[in-house]
Amino acid sequence: MTVRVRFAPSPTGYLHVGGGRTALYNWLFARHHGGVFVLRADDTDIERSTPEFQVDILESLEWLGIDWDEGIVVGGPHGTYRQTDRTARYRAVAADLVASGAAYYDGATPEQLEQIRVAAEAAETSPVYDGRYRLSAEEAAARLAAGNPPPVRLAVPRPGETRFVDVVRGEIVFGHDNVDDFVILRSDGTPIYHLASTVDDVDYGITHVIRGEDILPSTPKHILITQAMGAPCPQYAHLSLLNGPDGKKLSKRHGDTAIRAYRDAGYLPAAVRNFLAILGWSPGTDEEIVSLETMIARFELGAVSRNPAVFDLAKLEWMNGQYLRAMSAQEFSDLALPLVETDLGRELTADERGTVIAMAPLIQERAKRLTEVAPQVRFLLNDEVTIEPGSWDKVMTTAEAPIALAGAGAALEALAVWSVDAIEAALRGMLAAAGLSAGKGLQPVRVAITGSAVSPPLFESLAALGRERSLARLAAAAARLA
RNA sequence: GCCCCCAUCGUCCAGCGGCCUCGGACGCCGGCCUUUCAAGCCGGAAACACGGGUUCGAAUCCCGUUGGGGGCACCA
């Protein structure tokens with residue numbers, strides 16, 4: 001039997017890193033087994049679902065390099081793969097379940113339900129609704145006729161239990177004393193998540209349900225529905241959740257949680273994907289940087305960790321740097337150039353493109369994120385340079401600063417050829433003549449030229465800036481000091 | 001309150017009864033390199049939550065405790 005898995009996000013928010021990881025694991029599992037990966041839209045929550053979020057989810061998945069064989073956008077043999085288009089199907093299943101006695105129309109009022117909850121609390125037992133207010137066929141028919149339809153609940157066999165083997169956690173048992181007769185169809189005739197999701201899994205022939213641990217407690221409900229439909233149960237695999245640095249569930253409070261935010265922050269999709277893959281799964285070796293091919297070849301659910309994992313931004317940064325350094329200079333500048341233009345607020349001229357491309361490799365070997373490029377080349381793209389106050393205060397207040405600036409200006413002005421080598425020779429000569437250390441003598445020059453104490457290598461920076469602008473900036477800084 | 005899951009360095013992962021005085025990575029600390037910042041290289045500190053079992057032998061198996069997480073809607 002070919003493996004069929006699905007990722008079924010509800011478009012009620014941006015795709016977050018946890019969802020991205022779940023999608024990735026599903027995808028890796030499918031690819032590993034030569035199976036089918038289905039993308040579904042679990043959009044039964046009409047109130048909170050928006051097209052904007054739907055688009056974000058699609059774009060984020062694509063960015064991560066996760067494609068799907070069936071589902072929304074690409075289609076497939078099962079319709080639109082949107083739950084809002086399948087209401088009739090869910091109603092039909094609910095009706096079948098009522099007919100077979102597996103479900104029933106319920107007459108409990110909110111007050112009665114609340115009372116049960118309170119009583120359970122007092123008795124220190126599980127707050128489960130056991131169907132005591134279920135409607136008889138006549139009562140249900142009467143309410144239907146009166147235009148006051150009751151909700152449909154699943155009749156959970158009591159006493160009883162549901163047990164299953166979770167692929168990542170092993171055997172799990174839920175006593176039905178702790179599973180209540182849950183609503184599957186609202187009184188307005190729309191399906192509840194448990195029904196819609198389970199019916200889809202059955203109809204779409206899903207063989208493995210790989211999802212977050214937060215739904216582990218709902219699994220008996222899904223199994224019960226599946227059995228009531230007379231269908232075989234899929235295998236379940238519940239992934240542990242992602243936590244923030246404080247061990248609490250990852251949330252906005254901990255920083256960015258949306259995949260999109262990482263793209264915007266200058267991370268590479270391959271790095272994010274690698275990081276997510278390694279976060280809770282190991283290829284079985286000591287490798288940390290794992291190619292896509294290797295991931296697919298080695299991925300198995302049995303090797304997925306049961307521990308909740310803390311999303312470690314520092315490690316992601318390191319990994320992103322590794323990927324940045326691994327790409328060609330061409331690829332790097334292709335990705336960086338557009339960001340530089342956005343930062344600049346205009347397109348680069350052909351000359352400017354040339355200088356940025358020439359400078360890019362120097363930044364590539366030390367950057368952790370793509371967004372670091374623009375600030376590093378900014379000084380090359382404007383006639384004037386804005387000097388960071390902090391950098392100025394740090395290096396220009398020394399006794400050596402005026403000497404270095406003046407000496408550098410004179411030495412460079414005398415240069416016949418404006419090249420990296422010539423510049424280095426001139427400045428080193430100045431250093432020797434003035435008796436200055438490289439650190440003391442060059443930092444003022446750096447700040448004057450680039451506006452910051454942190455910049456690409458100085459000689460290259462001067463060469464790229466050009467003779468005229470370099471000398472002007474040196475003079476301007478010297479004047480400001482005088 | 002009830003139910004479920006989890007428990008190895010600060011963090012992630014390896015370990016699936018002896019090969020473990022626990023291995024790798026990030027981070028951290030120190031050193032080298034060095035024009036800044038990085039990168040790179042070298043070295044270091046750093047963990048089997050606790051208590052009972054089982055066994056010749058336990059980080060590995062079982063039970064309990066403690067701690068953490070998740071779930072208990074006509075949300076998903």
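Any value given below was found using the heavy atoms of this structure, including those in side chains, with hydrogens, waters and symmetry copies removed. Throughout, a chain's letter reflects where its sequence line sits, starting with A, and its residues are numbered from 1.
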Open item on the list: Between Asn307(A) and G69(B), is there a contact of a side-chain N or O with OP1 or OP2 at under 4.0 Å?
Closed with: no
Task: Residue pair Asp42(A) / Tyr81(A), side-chain donor-acceptor N/O under 3.5 Å - done: no
Task: Residues Arg446(A) and Thr450(A): side-chain donor-acceptor under 3.5 angstrom - done: no
TODO: Using heavy atoms and a sub-4.0 Å distance, could you list which residues of residues 421-428 of chain A are near RNA chain B? By number, please.
DONE: Arg428(A)
Open item on the list: A quick test of your reading: do over 12 heavy atoms of other residues, nucleotides or ligands sit less than 6.0 Å from OH of Tyr14(A)?
Closed with: no
TODO: Would you please confirm or rule out a distance under 4.0 Å between OP1 or OP2 of C72(B) and any side-chain N or O of Ser126(A)?
DONE: no
Open item on the list: So, does Arg153(A) get its side chain near the phosphate of C74(B), meaning an N or O under 4.0 Å from OP1 or OP2?
Closed with: yes
Open item on the list: For a quick test of reading the model: is some side-chain N or O of Lys368(A) closer than 4.0 Å to OP1 or OP2 of A39(B)?
Closed with: yes
Open item on the list: Closest approach to the side chain of Ile172(A), judged atom by atom: which nucleotide of C4(B), U36(B), A76(B) is it?
Closed with: C4(B)
Task: Between C1' of A7(B) and CZ of Arg169(A), the distance in whole Å - done: 12 Å
- [ ] Considering only atom P, compute the distance from G64(B) to C6(B) and round it to an integer number of Å.
- [x] 13 Å
Open item on the list: With a 4.0 Å limit, can you tell me whether Arg211(A) has a side-chain N or O closer than that to the phosphate oxygens OP1/OP2 of A76(B)?
Closed with: no
- [ ] Check every strand shown and say whether Pro308(A) touches a base, only sugar-phosphate, or nothing at a heavy-atom separation below 4.0 Å.
- [x] sugar-phosphate
- [ ] Could you measure between the two C1' atoms, the one in A14(B) and the one in G70(B), and give it in whole Å?
- [x] 26 Å
TODO: Give the nucleotide from the list C2(B), A38(B), C6(B) with an atom nearest to the side chain of Glu365(A).
DONE: A38(B)
Task: Partner nucleotide of G18(B) by Watson-Crick or wobble geometry (both distances under 3.5 Å) - done: C56(B)
Task: Distance between C1' atoms of A47(B) and U8(B) (Å, rounded) - done: 6 Å
Task: Closest listed nucleotide, where the reference is the side chain of Val310(A) and the choices are U11(B), C3(B), A76(B) - done: U11(B)
Task: Identified pairing partner of G1(B), criterion: Watson-Crick or G-U wobble below 3.5 Å - done: C72(B)
Task: P-based separation of G67(B) from C61(B) [nearest Å] - done: 23 Å
TODO: Consider the side chain of Leu241(A), meaning its heavy atoms from C-beta on, and name the nucleotide among A25(B), G70(B), A76(B) that approaches it most closely.
DONE: G70(B)
Task: Length of the CH2-C1' vector between Trp281(A) and A25(B), whole Å - done: 15 Å
TODO: Measure from the side-chain heavy atoms of Asp45(A) and tell me the nearest of A76(B), A39(B), G24(B).
DONE: A76(B)
Open item on the list: By the ring-ring contact (aromatic ring centres under 6.0 Å, His included) test, which pairs, at least two apart or in different chains, include something from residues 165-185 of chain A?
Closed with: Phe182(A)-His194(A)
TODO: Go through the steps to decide whether Ser10(A) and Asp45(A) satisfy the test side chain to side chain donor-acceptor pair (under 3.5 Å), and finish with yes or no.
DONE: CA-CA 8 Å; Ser10(A) 73; Asp45(A) 186 347; over 6 Å; no
Task: Whole-Å gap separating P (A38(B)) and CG (Leu458(A)) - done: 17 Å
- [ ] Could you walk me through whether Tyr133(A) and Asp106(A) pass the side chain to side chain donor-acceptor pair (under 3.5 Å) test, one step at a time?
- [x] CA-CA 6 Å; Tyr133(A) 300 114; Asp106(A) 186 54; over 6 Å; no
Task: Distance in angstrom units between Asp312(A) CG and G24(B) P, rounded - done: 18 Å
Task: For Val5(A), the option from Leu28(A), Asn26(A), Val209(A), Val38(A) that meets side chain to side chain contact (heavy atoms under 4.5 Å, CB included) - done: Asn26(A)
TODO: Would you please test Leu471(A) and Leu412(A) for side chain to side chain contact (heavy atoms under 4.5 Å, CB included) and show each step?
DONE: CA-CA 8 Å; Leu471(A) 294 176; Leu412(A) 292 174; 3.8 Å; yes
Task: Distance, C1' atom - from C19(B) to C3(B), rounded to whole angstrom - done: 42 Å
TODO: Could you tell me whether the phosphate oxygens of G40(B), OP1 or OP2, come under 4.0 Å of any side-chain nitrogen or oxygen in Gln322(A)?
DONE: yes
TODO: Quick one: do Ile449(A) and Leu474(A) satisfy side chain to side chain contact (heavy atoms under 4.5 Å, CB included)? Show the steps, please.
DONE: CA-CA 7 Å; Ile449(A) 295 299; Leu474(A) 249 17; 4.0 Å; yes
Task: Same-atom distance (C1') from G51(B) to C16(B), integer angstrom - done: 24 Å
Task: Among C12(B), C6(B), A76(B), the nucleotide that comes nearest once only the side chain of Arg186(A) is considered - done: A76(B)
Task: Thr44(A) side chain, from C-beta outward: closest of A76(B), C6(B), A39(B) - done: A76(B)
Open item on the list: The side chain of Pro217(A) is closest to which nucleotide in this list: U36(B), C74(B), G71(B)?
Closed with: G71(B)
Open item on the list: Distance check, P atoms only: G31(B) and U36(B), in whole angstrom units.
Closed with: 15 Å
Open item on the list: Just N and O in the side chain of Ser305(A): are any of them under 4.0 Å from OP1 or OP2 of C13(B)?
Closed with: yes
Task: Ring geometry between Tyr267(A) and Tyr262(A) (parallel below 30°, tilted from 30 to 60°, perpendicular above 60°) - done: tilted
- [ ] From the options C5(B), C74(B), C13(B), select the nucleotide whose nearest atom is closest to the side chain of Ala309(A).
- [x] C13(B)
TODO: State whether the distance check finds a donor on one side and an acceptor on the other, under 3.5 Å, for side chain Glu213(A) versus base G71(B).
DONE: no
TODO: Write down the partner of A49(B) under the Watson-Crick or G-U wobble criteria, each distance required to be under 3.5 Å.
DONE: U65(B)
Task: Mate of U36(B) where both pairing distances stay under 3.5 Å, Watson-Crick or G-U - done: none
- [ ] Provide, to the nearest angstrom, the distance between the CD atom belonging to Glu114(A) and the P atom belonging to G1(B).
- [x] 18 Å
TODO: Tell which nucleotide pairs with G10(B), taking only Watson-Crick or G-U wobble pairs whose two distances are both under 3.5 angstrom.
DONE: C26(B)
Task: Length of the line joining Arg366(A):CZ and U35(B):P, which is rounded to integer Å - done: 12 Å
Task: Closest nucleotide among U35(B), G40(B), A76(B) to the Glu460(A) side chain - done: U35(B)
Open item on the list: Roughly how many Å apart are C20(B) and C9(B), using the C1' atom of each and rounding to a whole number?
Closed with: 15 Å
Open item on the list: Does Gly175(A) reach a base, just sugar-phosphate, or nothing at all? Heavy atoms under 4.0 Å.
Closed with: nothing
- [ ] Whole angstrom is fine here: how far is it from CG in Asn243(A) over to P in C13(B)?
- [x] 11 Å
Open item on the list: Using whole Å, what does the distance between atom C1' of nucleotide G69(B) and atom CD1 of Ile215(A) come to?
Closed with: 15 Å
Task: Donor-acceptor pair (no angle test) under 3.5 Å: Ser187(A) side chain, C74(B) base - done: yes
- [ ] Would you check if the distance from the ring center of Trp281(A) to the ring center of Tyr25(A) is below 6.0 Å?
- [x] no
TODO: On RNA chain B, check which nucleotide each of Pro127(A) and Ile278(A) is closest to and give me the residue with the more 5' one.
DONE: Pro127(A)
